[in-house]
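A short worksheet on the structure shown next.
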Amino acid sequence: MKFLEFQAEVEEVLADSCRALGHKGVQIDVGSPPSDAYGDLSSAVPIRIAKEQGRVPGDVAVEVASKAMELAKKSKYIGTVSPHRSGYVNFGLKHSRFVSDSIAAICSGDLGAVKEKGEVVAIEHTNVNPNKALHIGHARNLVLGDSLVRVMRYMGHQVQALNYIDDSGAQVADIIVGFRFLGYSDEAPAGTKYDTYCGDSVYTRVTKDYENDPTLREKQSFVLKEIEKGTGEVAEYARGIVRKILAAQLSTCWRLGARYDLLNWESQLVHSGMWEKIFESLKKMGYVKFQTEGENKGTWVIPDPETGEEKVVVRSDGTAVYVAKDIPYAAWKVGLIGDPFGYEAYPLEQPGGVLYSTTLDGKKGKVRFGGAHLAISVIDTRQSYLQRIVSKVLDEFREGSSKRYLHRSYEVVSLSKRTAAQLGYTIEGNFAHMSGRKGLYVNADAMLDRLKAKAKSETRRRNLSEPDSWVDEVAEAVSVAALRYELLKQDPDKMIVFDIDDALQFKGDTGPYLLYTYARARRIIDRAEGKPGVDEASAAKLTKPQELRLAKRMTMLDISAETAEEFLSPKEIARFAHELAVAFNDFYEGVPVNKEEDAALRSARLALVDAASRVLAESMTLMGIPIRDRI
RNA sequence: GGGCCCGUAGCCCAGCACGGAUCAGGGCGUCAGCCUCCGAAGCUGAAGUGCGUGAGCUCAGAGACCGUGGGUUCGAAUCCCACCGGGCCCGCCA
């Protein structure tokens, strides 16, 4: 995008100026000035030089600016260079050319996405145990992961979006115990989603039943063994239930805009033999050791990367512990082990692309997964310790592997006191952690439905003559925008204390604000009589601060996208989109477009609106927010 | 006991990665305005104390101690250390 070109020019001019003035080895940096009255980019380089040489910063700034001004004469976009007495040098854009080039590029479809195909990146997210419906905590994981997938694709990577299905764990066993030993129906009542039924009614009840009758744990243990074995009537039955729940969960995921390339089944990972191979290698390397005495007698252990103490990986009964299942999966992702899987289309139709599933039937199709250059696991912060262990083991396996296996951690979503109270729970502090077992959580579908109900009335109020189906469809988009933005905009390291009433807010820094802003922009285009169009002469007429601010802002998506990529942090896109929307609304209030009488100016403004709305749409797409011309 | 994360206005958040410029930006909530004018899911402005139901009157007058205290620096919300408060993790559970 054009702003990055401008920035590159400024950096080059600065570096050349310093060299010409004999200042060697100065770190060249540029940034945004505190106010655009100073210019469009600024640098503290003279301050650093002054410090080194014991001079007055303002004087050095004058020298540097004067040299830079000379060198900037032949530049494309640098219009002004000015020193400031504080020691900063400020650079201003050559507005007419910058604005006309920017608008032309964007309107021709060049939004700055990286086009050449880069590295293969595997991104794992969602990973919900297939025994319950998604709650908003799972939704945070999905939104973070899916947005990251979108950003990485935008940045040119070949992305594999992975969804790990733990179909052989205790949580699945629990609901099978409920169906097979406690007489709970394995059919959901009419009108209830299957995953919701299993989570709300079966799982929570079985949890209580365990408390009342500890001998039920034997049933759980039996079911777990049957599932692990993988054959037999109970295992087949569990397999059917898991798939039925997964189908219900996936419909929610798709509703939220997420798309996956592959389902990785834990049961297949376990049966693939990968762990045994890795275990043998680690034994040969002497990294895992057999304990012949002490409290871990009879187990195989690895060194704990934090305490230096022992960490059991294989129990004395020969079975592998939880973290040991993650190791082969991680090794498969980054290609440290031969790929045992085949891949086939999963028998569910995913909107927007085929969903594959691993197989172990020995047939190898054309599609390949795993073996990525970079693997990113979106997993909440409570698993950071275990992820560090996995990472460490990969390094033992091959030096430097941990650099290619990244944990994108994030804090959990808890519930506000008010929301907990609405759900019938009285709590002590200001928030409560969600709990699937206790039934204390906000269901993602239910939240979307509440958002949708509100969006429906808001939309209907503004569109009295539209058919219900249209209103319904728009309300659905608004609800997804609201929830995704709410869960994405906050820093991943901060806990979200979710409050239903606050989340129902459509004003201010929200997803609906972005949708509304986009619709406003499109309305101008719809109602225009002439065509949008701009050249350097008409762009020169775009001199109002609102016009310049909007034009500049819309060329800065790439800066946010690069930061989002570097720090695996899609919230950068949210911040950008909000700033762009604010800039647009400021323009909208203060600058007429279709009522402008000067035809050239009108058409230039129209082109500006068109370009800005395209960039806004792109940034929303990167967040998985649906685009609607009218809402 | 060891480790990780958070602490910014009544509330919620941005800024911290790369320390700098005159007001540390938003949002919510509160109050007051703006639709003969491209969609009001928007925009603009206000919010020191005391008294008064209130128009207002009186007095006072600058500034969110960026959790607290140190340190580094010409310069710290940003870097370092300690402490305080909150959350999480450290199992032959998953």
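In this structure, A:F279 and A:W275 have parallel ring planes: the angle between them is below the 30° cut-off, well short of the 60° mark.
A syn base is found at B:rC35: its glycosidic angle is within 90° of 0.
The side-chain contact (heavy atoms from CB on, under 4.5 Å) test applied to A:E458 returns A:K454, A:R461, A:R462, A:F506, not counting sequence neighbours. In this view, A:S603 satisfies the side-chain contact (heavy atoms from CB on, under 4.5 Å) rule with no residue, not counting sequence neighbours. The side-chain contact (heavy atoms from CB on, under 4.5 Å) test applied to A:E596 returns A:D598, A:L601, A:R602, A:R605, not counting sequence neighbours.
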With a cut-off of 3.5 Å and sequence neighbours excluded, list every side-chain donor-acceptor pair involving residues 518-531 of chain A.
from	atom 1	to	atom 2	distance (Å)
A:R520	NE	A:Y516	OH	3.3
A:R520	NH1	A:N585	OD1	2.7
A:R520	NH2	A:E589	OE2	3.3
A:R522	NH1	A:D610	OD1	3.1
A:R522	NH1	A:S613	OG	2.8

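To the nearest angstrom, P of B:rC90 lies 11 Å from CG of A:D304. Here the P atom of nucleotide B:rC4 and the OH atom of A:Y385 are 13 Å apart, to the nearest Å.
The same atom, P, is picked in B:rC16 and in B:rC6; the two are 13 Å apart, to the nearest Å. Comparing B:rA41 with B:rC28, their P atoms are spaced 13 Å from each other, to the whole Å. Annotation: B:rA21 and B:rA77 have their P atoms spaced 10 Å apart (nearest Å). The gap from the C1' atom of B:rC81 to that of B:rC89 amounts to 24 Å, rounded to the nearest Å. Taking atom C1' in both B:rC80 and B:rC23, the straight-line distance is 30 Å, to the nearest Å.
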What string of B, S and - do you get for nucleotides 71-80 of chain B, 5' to 3', when a contact is any protein heavy atom under 4.0 Å? ---BB-----
Reading nucleotides 11-17 of chain B from the 5' end, what letters show protein touch, with B for base, S for backbone sugar-phosphate only, - for no heavy atom under 4.0 Å? --SSS-B
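With contacts defined as side-chain heavy-atom distances shorter than 4.5 Å, the pair A:E228/A:K225 does not qualify.
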I'd like a list of close polar pairs between nucleotides 29-32 of chain B and the protein, N/O only, cut-off under 3.5 Å.
from	atom 1	to	atom 2	distance (Å)
B:rG29	OP1	A:Q505	NE2	3.3

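Near RNA chain B, meaning a heavy atom under 4.0 Å from it, residues 288-303 of chain A has A:E295, A:N296, A:K297, A:T299 in order of number. Within residues 471-484 of chain A, the residues having any heavy atom under 4.0 Å from RNA chain B are, by residue number, A:V478.
In RNA chain B, runs of at least 3 consecutive Watson-Crick or G-U pairs, each pair with both distances below 3.5 Å, span B:1-7 with B:84-90, B:10-13 with B:25-28, B:30-34 with B:42-46, B:67-71 with B:79-83.
Among residues at least two apart or in separate chains, side-chain hydrogen bond (donor to acceptor under 3.5 Å, both in side chains) pairs with a member in residues 317-326 of chain A are A:E266-A:K325, A:R315-A:T319, A:D317-A:T319, A:Y322-A:Q383, A:D326-A:Q387. Listed by first and then second residue, the side-chain hydrogen bond (donor to acceptor under 3.5 Å, both in side chains) pairs that reach into residues 486-497 of chain A are A:D491-A:K571, sequence neighbours excluded.
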